[in-house]
Amino acid sequence: MDPDAVAKAFVDHYYSTFDANRAGLGNLYQEGSMLTFEGQKIQGSQSIVAKLTSLPFQQCKHNITTVDCQPSGAGGMLVFVSGTLQLAGEQHALKFSQMFHLMPTPQGSFYVLNDIFRLNYT
Amino acid sequence: MEEQIDLVGKAFTDHYYHLFDNDRPALSSLYRPSSMLTFEGQKILGVEDITAKLTSLPFDQCQHVISTTDSQPSTFAGGIVVFVSGSLQLPGEEHHLRFSQMFHLVPIVEGNFFVQNDIFRLNYG
């Protein structure tokens, strides 16, 4: 399958899960996964999901502007995303950038090994 | 281990942007034939073509000012992913360009790193 299509499919799945049911992100991470969220470092699926589900908003909507991907070697894929994050009740959307390093699972899908998220302040 | 990764990531990006801003052709020392750059959506493969792209960007001088650097181990035999945000000042331009960039660094025997993956995007306001 075309790597760009794989990356796009992953990104669509990730953000639609995030926006609809944040707890459902748990099966995209594993024990060795790492998230750096606005400079805060979190390790492992449980802690990562705890962080994401405790973010101080109930509803949000990610709008993706750009998706770039490259193979990282040994079947891994790097995905670099930019877009906006609209929080319910907020007039202005937040701009963000995020990178994922995806690794293949034996079942033929991907999990997130590395995840780094930053808001883009103007 | 975590602190070490941060130090390495920061040292690398300091070196990278110093070369970019002062001696762009010398960036070739940081890439290999297997390296990949995606620059504003354009895909470029290999040290020669990557160096040609970076040295042909339409400005002679520039200054990168880095706001954030985040690093994590990528577990590819000591590899590191580094995520940078900052601004790029071009001479004569009043407004800085904001950008984000990610590097996947792979170690070389001598204890240095080369850039295996590089993705650059401007952040438009």
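Chain letters run A, B, ... following the sequence lines, proteins first and then strands; every chain starts at 1.
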Side-chain ion pair, B/Asp6 and B/Lys10, N-O less than 4.0 Å = no
With chain A, which of B/Thr69, B/Thr38, B/Asn117 has the greatest number of heavy-atom pairs at distances under 4.5 Å?
-> B/Asn117
In chain order, what residues pass the side chain to side chain contact (heavy atoms under 4.5 Å, CB included) check against A/Asn21, with sequence neighbours excluded?
-> A/Ala23
Mind jotting down which residue pairs meet the ring-ring contact (aromatic ring centres under 6.0 Å, His included) criterion with at least one end in residues 36-92 of chain A? Sequence neighbours excluded, please.
-> A/Tyr15-A/His62, A/Phe18-A/His62, A/Phe37-A/Phe117, A/His62-A/Phe96, A/Phe80-B/Phe83
With a 4.5 angstrom heavy-atom cut-off, could you sort out which part of B/Leu37 is near chain A: side chain, backbone, both or neither?
-> backbone
Is it the backbone or the side chain of B/Gln101 that comes under 4.5 Å from a heavy atom of chain A, or both, or neither?
-> backbone
With a 4.5 angstrom heavy-atom cut-off, could you sort out which part of A/Leu35 is near chain B: side chain, backbone, both or neither?
-> backbone
Parallel, tilted or perpendicular: ring planes of B/His104 versus A/His101, cut at 30 and 60 degrees | tilted
So which of A/Gln98, A/Met99, A/Arg118 has the biggest tally of heavy-atom pairs under 4.5 Å with chain B?
-> A/Arg118
Could you tell me whether a side-chain N or O of B/Ser35 sits under 3.5 Å from a main-chain N or O of B/Val115, the two making a donor and an acceptor?
-> yes
